[in-house]
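Protein chains get the first letters and strands the later ones, always in sequence-line order, with residue 1 at the start of each.
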4 protein chains.
Amino acid sequence: MKVNTVRVRVRYPEVDRMNVVHHSNHPIWFEIGRTELMRDLGIPYSGLEAENLFMPVIELGVRYHGSVRYDEEVEIESFIEELKGARIRFGYRIVRPADRKTLAEGLPVRFPARLREILLSAAAAPGTEERS
Amino acid sequence: MKVNTVRVRVRYPEVDRMNVVHHSNHPIWFEIGRTELMRDLGIPYSGLEAENLFMPVIELGVRYHGSVRYDEEVEIESFIEELKGARIRFGYRIVRPADRKTLAEGLPVRFPARLREILLSAAAAPGTEERS
Amino acid sequence: MKVNTVRVRVRYPEVDRMNVVHHSNHPIWFEIGRTELMRDLGIPYSGLEAENLFMPVIELGVRYHGSVRYDEEVEIESFIEELKGARIRFGYRIVRPADRKTLAEGLPVRFPARLREILLSAAAAPGTEERS
Amino acid sequence: MKVNTVRVRVRYPEVDRMNVVHHSNHPIWFEIGRTELMRDLGIPYSGLEAENLFMPVIELGVRYHGSVRYDEEVEIESFIEELKGARIRFGYRIVRPADRKTLAEGLPVRFPARLREILLSAAAAPGTEERS
């Protein structure tokens, strides 16, 4: 399975008074990862929108395993977890590069079915890197 | 079960280019609702933090049923869904006042156990309004 | 001069690790105030957009005089500071209700000229409350 | 004068229904630039905070010259504009790499004086790259 990895550095306003990234930022990070994964698959999201194909999120889940602090760099790993049935499910992991600890996981996020075919063919295209 | 209702008006930057509230804002609305529910229960969250009791979110889930648009007013309904076991689970609904349509639901959000007792006693206190 | 006052309560993610509202939130508050002022003047912003009249901000200034903390309620006071010349300038004050202290001021924010006439006539309409 | 350049890609929720980056995001970008400039100068901001030196923004100004769209990459150029007197003033430019167009400028942002000496000595250190 193709995995896209993109690195972000924690911004000052993303951190709350507990000195950890507020839980509402993780869905934004997942979206950054999904955007890069789709670019990798040859179907940039901005291009889809130019053709009036929008992908509203219809379900979201996050499990928080560890704190992320200001100015820390984390990796967003994104992958297509399921293409069976009518739904697309993306999965995500927020990983601390230093010790490879998973700080948060994005539970499968469902999207409307209309983009399933596009992704299905793109994901199955030859030459995609395997996830170890 | 006690339900707290608080009304918010959609802010301009909460809406994305699809002209709907971006999915990362709903967890912020749930947190507003939870804050008001706790104030209602007589345990304001700011007071807990003053005593160094913090409540990091450890799991989050959202189901999106309908779009919310700029300048629309919505109601955030918050309630304690489960106090059994070691976890507290809050539930949420985002409701459009005009037709009572549920636009989004917050799936049970788990919190660390240390605040369970405080909430348990508060929720069980006499005089709390029943949820219909 | 007409002044609109709207009250907001500080949200948890608006506060940073210094335990004060991050400076990027004040422009969002000013926009909430401007939206309510325009609604008051009988020209709701959502209505303008429905007619494809958009009002991008072209200049912004903020002076921060005091800290605003989590869960605090503040008043956003908004007024039209200048309609002379080709530009509209809105002014704002963030005020703490308890002691009427001004916590932040929005320096005149310029907007494109195309909406000047609409606002000019609305602001000059009889029956608008005077600013003390 | 030392100029730090850092590149960011526009995130989906940063864009509003006009399909341009909402004006409240530019101060966050300026802060990213300032953070990298200070890291460059050998005084990482996270280190200052570890020593309980905080730098609340006390004045902010932005001029918006052009629209920035979803998924676009922009460069944040940050520099110390003034160290005379008691205040530090940082300056910023948001630049589109393709045509070097300045999309926004951060007007001098004032900070409390207590960090002036630290920055003054760091900025004057030998080996800093000149701004063309």
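Neither the backbone nor the side chain of Glu72(C) comes within less than 4.5 Å of any heavy atom in chain B. Heavy atoms closer than 4.5 Å to chain B are found nowhere in Arg69(C), neither backbone nor side chain.
Taking the six-membered ring for Trp and thresholds of 30 and 60 degrees, Tyr45(C) and Tyr12(B) have ring planes inclined between 30 and 60 degrees apart.
Every side-chain hydrogen bond (donor to acceptor under 3.5 Å, both in side chains) that Arg17(C) has, sequence neighbours left out, goes to Asn19(A), Glu49(D). Residues forming a side-chain hydrogen bond (donor to acceptor under 3.5 Å, both in side chains) with Ser24(C) (at least two apart in sequence, or on another chain): His22(C).
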- prompt: Could you go step by step and tell me if Arg39(B) and Asp71(C) meet the side-chain contact (heavy atoms from CB on, under 4.5 Å) rule?
  reply: CA-CA 11 Å; Arg39(B) 196 190 317 280; Asp71(C) 208 39; 2.8 Å; yes
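Using a 4.0 Å cut-off between charged nitrogen and carboxylate oxygen, Glu36(B) and Arg11(C) do not count as a salt-bridge pair.
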